[in-house]
Amino acid sequence: MEVFLLHNILKKRKYKQIVFYVLIAICFIASVFFVFHNEAFYERPIAEVIKIHVQDSTPVTDMYNNKDYLYTQHITAILKNGQEKGQIIQLKNDYSASGAFDQKYHVGNKLFVTIKESTDKHLDLTGTILDVKRDQFVLMITWVFIFALLIVGRRQGLFSIISLMVNALVLSFALDLYVKHSNISLLFISGVCVLLFTVISLILINGFNYKTYAAIVATLLGTFISLLISALVLWITSENGLRYEEMQFLTRPYRVIFMAGLFIGALGAVMDVSITMASSIFALFEQNQNIADQALKTSGMDIGKDIMGTITSILFFVYICGSIPMLILYLKNSYPLGQTLSLNLSLELARALAGGIGVVLTIPISLYTSIFFINRKRAKS
C-alpha cells in the first residue's frame, strides 16, 4: 500500500513537471514568434535590410592624431508596417570603424526609419535611419537568463524570476509616482522600495521561516545603517571630490537622486551577504542542534571574512565597468588622467564604497541576528 501511494505521488509530481516544461516551451515559442512579427504594433516605420552596398573607406585623423576610417553604406530595405508596408526604401548610413557614435548595419537588421515624401510615385522611397529594432535580441538574452535560473535553481529559480518581475513592477511604479508627484520625497520612496524588495525577494525564494526572518532583519539594518554612514560622511566632507556633471540635466535635486541611488544600489550586495550568512549559520545549526553559540560566532565570522573580499570586489567591478568606455574616450582625446578619473569615477567610487560599507556591516549583523533566531527556535522546540 505504501509503495502504491509513493508511486502515485511520484507520478503526479512527474506529470506536474511535464506540464510546467510544456508551458515554458509554449511561452518561449510564442514570445519568439511574436517578437519577430510585431512590427504592426509599432507606430514608427520599420524597414528590414535586404541589400547593402559599401563604398570605399575614407581615413580621417583628428587634432589629437587619433586615426579612424569612415564608411558609407547604401541600404535597400523593405518596409514592414504602416501605409507603405511592402514598399522598397533606400537608406544611407555613414559609420566609422571605431563605432563610437554610429554602427554598421547588416542584411536582416530591422531599422526604425523616417520616410521622406516623394512626388514621383515611380521612384523608391527614401528616408533616414533612426535606430535599430533590438527587442528580439533582448528577448533571446532574457530567455537564456530564465533557462539558466530554472536549470540551476529549479523551484527557487522560478520564484527568483517571479521576484524579479514583481520588484521591477514595484520600481517602475515608484519612479512613475516620483515623476508625477515631485512633492513626495524620493528617499522616502526608496526606503519603501528597499523594504518591499527585501521582503518580496527573500520570502518568495526562501519561504516563511526563521532563516528568512533573520536575513530580512539583517538586510534592512545593514542597508539603512550604510545609508546613514554615507550621508554623514558626505555631510562632514561637504561632498568634496564628487562630480555631478553627469546629472546636470536633471530637473530634480540631483543630490537626493544620488543618495536614492546609493540606497537602492547597496541593497543588492547587502541582501546577498545577509542570506549567505543566514543560510550558513542555519545550516551549521541543522547539522548539530546542540552547537554552542560561540562555535556559531567563530564559524560565522570565518564565513564572513571569506565572502567579504569577493563581494566588495564585485561591487567595485560592477560600478566601474560602466565607465570604461568614457575613460578610454577621454584619455584618447588627451584629457589629463586625474581629471578623467575625477569626472567619470567619483560617483561610481562613492556608490561602490557605500555598498562596501553595507557589506562589511552586514556580516556581524547577520551573524548575531541569525543566532538570535536560532535561540528562539531552540526555545520553542
S.K.: Roughly how far, to the nearest 0.5 Å, is the OG atom of S226 from the CG atom of L221?
M.R.: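 Spacing of CG (L221) from OG (S226) equals 12.0 Å.
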
S.K.: Do the side chain of T198 and the main chain of V194 share a donor and acceptor less than 3.5 angstrom apart?
M.R.: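 Yes.
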
S.K.: Short question: side chain of S31, backbone of F28 - any donor-acceptor pair under 3.5 Å?
M.R.: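 Confirmed, S31 side chain pairs with F28 backbone.
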
S.K.: For V113, which of L91, T128, I46, I75 qualifies under side-chain contact (heavy atoms from CB on, under 4.5 Å)?
M.R.: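 When L91, T128, I46, I75 are each tested with V113, the side-chain contact (heavy atoms from CB on, under 4.5 Å) holds only for L91.
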
S.K.: For the pair D272 (side chain) and I311 (backbone), establish whether a donor and an acceptor sit closer than 3.5 Å, ignoring hydrogens and angles.
M.R.: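 The answer is no, because no donor-acceptor pair under 3.5 Å joins these two groups.
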
S.K.: Quick one: ring-ring contact (aromatic ring centres under 6.0 Å, His included) pairs with a partner in residues 349-377, sequence neighbours left out?
M.R.: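 For residues 349-377, and leaving out neighbouring residues, there are no ring-ring contact (aromatic ring centres under 6.0 Å, His included) pairs at all.
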
S.K.: I would like to know whether I229 and L361 meet side chain to side chain contact (heavy atoms under 4.5 Å, CB included); could you show each step before the answer?
M.R.: CA-CA 11 Å; I229 293 176; L361 292 176; 3.5 Å; yes

S.K.: Taking all non-hydrogen atoms of both residues into account, name the closest pair between I365 and A218 and its distance.
M.R.: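 It is CG2-CA, 3.8 Å.
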
S.K.: Is a side-chain N or O of N109 found less than 3.5 angstrom from the main chain of K104, in a donor-acceptor match?
M.R.: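 Checked: no pair found.
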
S.K.: Got I216 and I203 here, is their nearest side-chain heavy-atom distance under 4.5 Å?
M.R.: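 In contact.
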
S.K.: For F316, look at atom CZ and say whether over 12 heavy atoms of other residues, nucleotides or ligands are found less than 6.0 Å away.
M.R.: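 Not more than 12 within 6.0 Å, no.
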
S.K.: Might you work through the side chain to side chain contact (heavy atoms under 4.5 Å, CB included) test for V32 and M140, ending with a clear yes or no?
M.R.: CA-CA 8 Å; V32 171; M140 290 303 177; 3.9 Å; yes

S.K.: Would you kindly say whether S299 and D302 are connected by a side-chain donor-acceptor distance under 3.5 Å?
M.R.: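 Side chains of S299 and D302: no pair found under 3.5 Å.
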
S.K.: So which heavy atom on E84 is nearest to which on I115, and how close?
M.R.: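 So the minimum-distance heavy-atom pair works out to OE1-CD1, 3.8 Å.
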
S.K.: Does any N or O in the side chain of H181 come within less than 3.5 Å of the main-chain N or O of L177, such that one atom is a donor and the other an acceptor?
M.R.: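 Here the side-chain-to-backbone pair does not exist.
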
S.K.: Would you indicate whether F188, at its atom CZ, is surrounded by more than 12 heavy atoms from other residues, nucleotides or ligands within a distance under 6.0 Å?
M.R.: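 No - once you tally the heavy atoms of other residues, nucleotides and ligands closer than 6.0 Å, there are 12 at most.
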
S.K.: I'd like to know if the side chain of S274 reaches the main chain of M271, judged simply by a donor and an acceptor atom lying under 3.5 Å from each other, with no hydrogens or angles considered.
M.R.: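 Such a contact is found between S274 side chain and M271 backbone.
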
S.K.: Please report the interatomic distance CD1(I363) to NZ(K305), rounded to the nearest 0.5 Å.
M.R.: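 Those atoms lie 10.0 Å apart.
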
S.K.: Any link between I257 and V179 through a network of hydrophobic side chains (Ile, Leu, Val, Met, Phe, Trp, Tyr) touching at under 4.5 Å?
M.R.: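 Different clusters: I257 never reaches V179 through Ile, Leu, Val, Met, Phe, Trp or Tyr contacts under 4.5 Å.
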
S.K.: Are L228 and V360 linked, directly or through intermediate hydrophobic residues, by side-chain heavy-atom contacts shorter than 4.5 Å (ILVMFWY only)?
M.R.: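 Unlinked, V360 and L228 end up in two clusters.
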
S.K.: Is a side-chain donor-acceptor pair under 3.5 Å present for N81 with E39?
M.R.: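 Not at all, the side chains of E39 and N81 share no donor-acceptor pair under 3.5 Å.
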
S.K.: Side-chain contact, heavy-atom cut-off 4.5 Å: I161 with L150?
M.R.: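 Yes, close enough: below the 4.5 Å cut-off.
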
S.K.: Counting only heavy atoms not in R155 (residues, nucleotides, ligands), do more than 12 fall under 6.0 Å from its CZ?
M.R.: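 It does not: R155 CZ has 12 such atoms or fewer within range.
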
S.K.: Could you state the interatomic distance from CD1 (I89) to CG (L79), rounded to the nearest 0.5 Å?
M.R.: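 Going from CD1 on I89 over to CG on L79, the span is 5.0 Å.
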
S.K.: Decide yes or no for I50 and I88: does some side-chain heavy atom of the first lie under 4.5 Å from some side-chain heavy atom of the second?
M.R.: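 Side-chain contact under 4.5 Å: yes.
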
S.K.: Quick one: pull up CZ in F224 and CZ in F263 and give me the separation to the nearest 0.5 Å.
M.R.: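 Here the interatomic distance stands at 3.5 Å.
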
S.K.: Donor-acceptor check, side chain of K133 to backbone of E48, threshold 3.5 angstrom: yes or no?
M.R.: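 It does not hold such a pair.
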
S.K.: Is any side-chain heavy atom of I371 closer than 4.5 Å to one of N375?
M.R.: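 Answer yes - side chains close enough.
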
S.K.: With a 4.5 Å cut-off on side-chain heavy atoms, are T362 and M277 touching?
M.R.: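 M277 vs T362: side chains apart.
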
S.K.: Go through the steps for Y95 and V54 under the test side chain to side chain contact (heavy atoms under 4.5 Å, CB included), then give the verdict.
M.R.: CA-CA 10 Å; Y95 72 95; V54 182; 4.3 Å; yes

S.K.: Side-chain heavy atoms nearer than 4.5 Å, only ILVMFWY residues, links allowed to pass through others: does that put V138 and V144 together?
M.R.: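 No: no chain of side-chain contacts under 4.5 Å links V138 to V144.
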
S.K.: About how many Å separate CG of L171 and OG of S190, when rounded to the nearest 0.5 Å?
M.R.: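 One finds 9.0 Å between OG of S190 and CG of L171.
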
S.K.: With a 3.5 Å cut-off and no angle check, do the side chains of S163 and S201 form a donor-acceptor pair?
M.R.: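 Yes, side-chain donor-acceptor contact under 3.5 Å.
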
S.K.: Restricting to non-hydrogen atoms, name the atom on R351 and the atom on L262 that form the minimum distance, rounded to 0.1 Å.
M.R.: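 Minimum heavy-atom separation between R351 and L262: CA-CD2, 3.3 Å.
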
S.K.: Do the side chain of T310 and the main chain of I307 share a donor and acceptor less than 3.5 angstrom apart?
M.R.: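 At least one qualifying donor-acceptor pair exists.
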
S.K.: Would a single hydrophobic cluster contain both F208 and F197, if residues Ile, Leu, Val, Met, Phe, Trp and Tyr are joined by side-chain heavy-atom contacts under 4.5 Å?
M.R.: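 Cluster IDs for F197 and F208 match.
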
S.K.: Donor-acceptor pair, T223 side chain versus L267 backbone, under 3.5 Å?
M.R.: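 No: the side chain of T223 does not pair with the backbone of L267.
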
S.K.: Under a 4.5 Å cut-off applied to non-hydrogen side-chain atoms, are F282 and I374 in contact?
M.R.: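 SC-SC contact between F282 and I374 confirmed.
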
S.K.: Would you say that I24 contacts W143 through its side chain, given a criterion of any heavy-atom pair below 4.5 Å between the two side chains?
M.R.: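 Yes, side chains in contact.
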
S.K.: List the atom of A214, the atom of T369, and the distance in Å for their closest heavy-atom pair.
M.R.: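 For A214 versus T369, the nearest heavy atoms are O-CG2, 3.5 Å.
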
S.K.: Would you say the side chain of H106 lies within less than 4.5 Å of the side chain of V49, judging by non-hydrogen atoms?
M.R.: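 Side-chain contact under 4.5 Å: no.
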
S.K.: Does one hydrophobic cluster hold both M165 and I162, with members joined at side-chain heavy-atom distances below 4.5 Å?
M.R.: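 Per the 4.5 Å side-chain linkage, M165 and I162 are co-clustered.
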
S.K.: Is the number of heavy atoms from other residues, nucleotides or ligands within 6.0 Å of CZ (F20) greater than 12?
M.R.: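 It does: F20 CZ has more than 12 such atoms within range.
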
S.K.: Could you grab the distance from atom CG of L202 to atom CG of N209, nearest 0.5 Å is fine?
M.R.: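 Answer for the CG-CG pair, L202 versus N209, is 10.0 Å.
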
S.K.: Compare every heavy atom of R378 with every heavy atom of D293, then report the nearest pair and how far apart it is.
M.R.: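 Minimum heavy-atom separation between D293 and R378: OD1-NH1, 3.0 Å.
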
S.K.: Taking T212 for the side chain and G207 for the main chain, is one N or O donor matched with an acceptor at less than 3.5 Å?
M.R.: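 Looks like yes, one N/O pair under 3.5 Å.
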
S.K.: If you take all heavy atoms of K377 and E286, which pair is closest and at what distance?
M.R.: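 For K377 and E286, the tightest heavy-atom pair comes out as NZ-OE2, 2.9 Å.
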
